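Remarks on the structure that follows.
Order of appearance sets the numbers: ligands from 1, and atoms from 1 within every ligand. Along the sequence shown, residues carry numbers from 1. Values in this document were obtained by computation on a predicted structure and should not be read as measured data.
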Amino acid sequence: MDLGIPQKSAARSIAKQFADRVRTAPDRQLAERLSRLVAAVASLVEEERVDRADLRAIIEFVTDVGHASDARRSEWVLLADTLGITSLVEAQVARRPLRSTPNTIAGPFYRMDAPARKNGESISIDGIGEPLVLTLEVHDLDGDPVEGALVEVWQANADGVYENQAPDVQPDGNLRGTFRSGADGRVVVRTVRPKGYAIPHDGPVGELLKRLGLSPERPAHLHFRISAAGFQTLTTHLFDSEDPALDADPLFAVDPVLVTRFTPCGAGGYETSHRFILARAHPGTEDA
Ligand code: BEZ
Ligand code: FE
C-alpha cells in the first residue's frame, strides 16, 4: 500500500553496502565492475518489482543455459550473441576509423586450416549450388591497393550448412579457402551462392527467442578474415541484399556497408564485387 510516506530505496542501500564491502578488495577492477553491476541490477529489480516467482524463473533459465552447454556447444556464447553483447564488444575492441570496413564476429565455424587457393580458383569442392563469382578488392584508407593480403573466406552451402557441421555430407574444406591479393589488391573467388541458416535454437536461447517473437534465421552471408602486414586484421561478413532476414540478424552483425547484391550473370550464376578497406595497425597494441 502506498501510504504517501517516502520510501528508502532498498536497491540503493544494497548497492551501497556491496560497494562498501568490496572497497578494499585485492582485485580493484572486479570490485568496481561488480559494484556497478549490482547497482544496475538492483535498481532494475526495484523498478520492475521483481517477485519470488520472477527470481525463480531467472535462476531456472540460467541453470538451463548452463545445462545446455558442453564442449561442442556453448549456450552462454549464444545468449551473449543473441542479446547483442558479442557484437557490441566486437565493435568496441575493434573500433576502426570512419570509412574502414567494420569488424564483425567470426562465429563458431571458422577454421585456421582452410585450403590455400589460387586467385580465381573455386572453393566449392562438391560443385553443388548456384555459381557465384566474388571480385574482392583490399585497399587502405588512402584508396591504395594492399598487395599480398591474406584473404580467408568461409561460408555455408546452398542448404545453409557449413562443411564442419556436416563432415559426412560435405568434403573436407568445402566452401572455405585462403587467397592472396595481387598487386592491384584484387582477389577473385569462385564459389556458390550461400543460403541463410538458423542459429542453434533447440535450447533455452531458442525458447527465449520464440517467446520474444524473434527469428533464429541469419541472413545469407559469407565470412572473411583479411590480414596484411601493417594493418589491423579484419574479420567481417558480406550479406545478400535480397535475404528477407537482413533486418533481423539474431547476431546483430549486419551493417549497411556489408550488404551486397548478387547480380545474375550467365547461366543461373551470380556475381558481386566488394572493396574491403583496412585500417593501419597501431604498433605495440592488440591492433598490431
Ligand atoms: C555464423 O555466422 O557462422 C554463426 C555465428 C554465431 C553463431 C552461430 C553461427
Ligand atoms: Fe555464418
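- Heavy-atom proximity to atom 7 (C) of ligand 1, evaluated over Gly107, Pro108, Pro200, Pro250, is greatest for Pro108.
- Look at His237 and the Fe ion (ligand 2): no N/O/S atom of the residue is under 2.8 Å from the metal.
- Within the listing of ligand 1, atoms 3 (O), 9 (C) sit less than 4.0 angstrom from a heavy atom of Phe109.
- The shortest N or O to N or O distance between Asp81 and ligand 1 is not under 3.5 Å.
- Using cut-offs of 30° and 60° on the angle between ring planes, the pair His223 and Trp154 is parallel.
- Within ligand 1, the atoms closer than 4.0 Å to a non-hydrogen atom of His223 are 1 (C), 2 (O), 3 (O), numbered from 1 in the order shown.
- For the pair Tyr197 and ligand 1, the shortest N or O to N or O distance falls below 3.5 Å.
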As a quick check of understanding, evaluate side chain to side chain donor-acceptor pair (under 3.5 Å) for Thr236 and Thr101, giving each step before the final call. CA-CA 8 Å; Thr236 197; Thr101 304; over 6 Å; no
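- Below 4.0 Å from some heavy atom of His221 lie the following atoms of ligand 1, by number and element: 2 (O).
- Atoms of ligand 1 lying under 4.0 Å from any heavy atom of Leu251, numbered from 1 in the order shown and given with element: 4 (C), 5 (C), 6 (C), 7 (C).
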Check the pair Arg218 / Asp81 against salt bridge (Lys or Arg N to Asp or Glu O under 4.0 Å), numbers first and verdict last. CA-CA 12 Å; Arg218 295 211 69 199; Asp81 290 350; over 6 Å; no
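- One side chain, Thr104 or His237, offers a donor N or O that lies under 3.5 Å from an acceptor on the other.
- At least one N/O/S atom of Tyr162, from backbone or side chain, sits under 2.8 Å from the Fe ion (ligand 2).
- Heavy atoms of Tyr162 come nearer than 4.0 angstrom to ligand 1 in at least one pair.
- Judged purely by distance below 3.5 Å, without hydrogens or angles, the side chains of Thr86 and Glu90 never pair a donor atom with an acceptor atom.
- Both cation-pi conditions hold for Arg225 and Tyr110: the charged atom is under 6.0 angstrom from the six-membered ring centre and inside a 45 degree cone around its axis.
- Side-chain contact annotation: Arg186 with Asn119, donor-acceptor N/O pair under 3.5 Å absent.
- Numbered from 1 in the order shown, with element, the atoms of ligand 1 that lie under 4.0 Å from a heavy atom of Ile199 read 8 (C).
- When ring centroids are compared, Tyr270 and Phe262 stay outside the 6.0 Å threshold.
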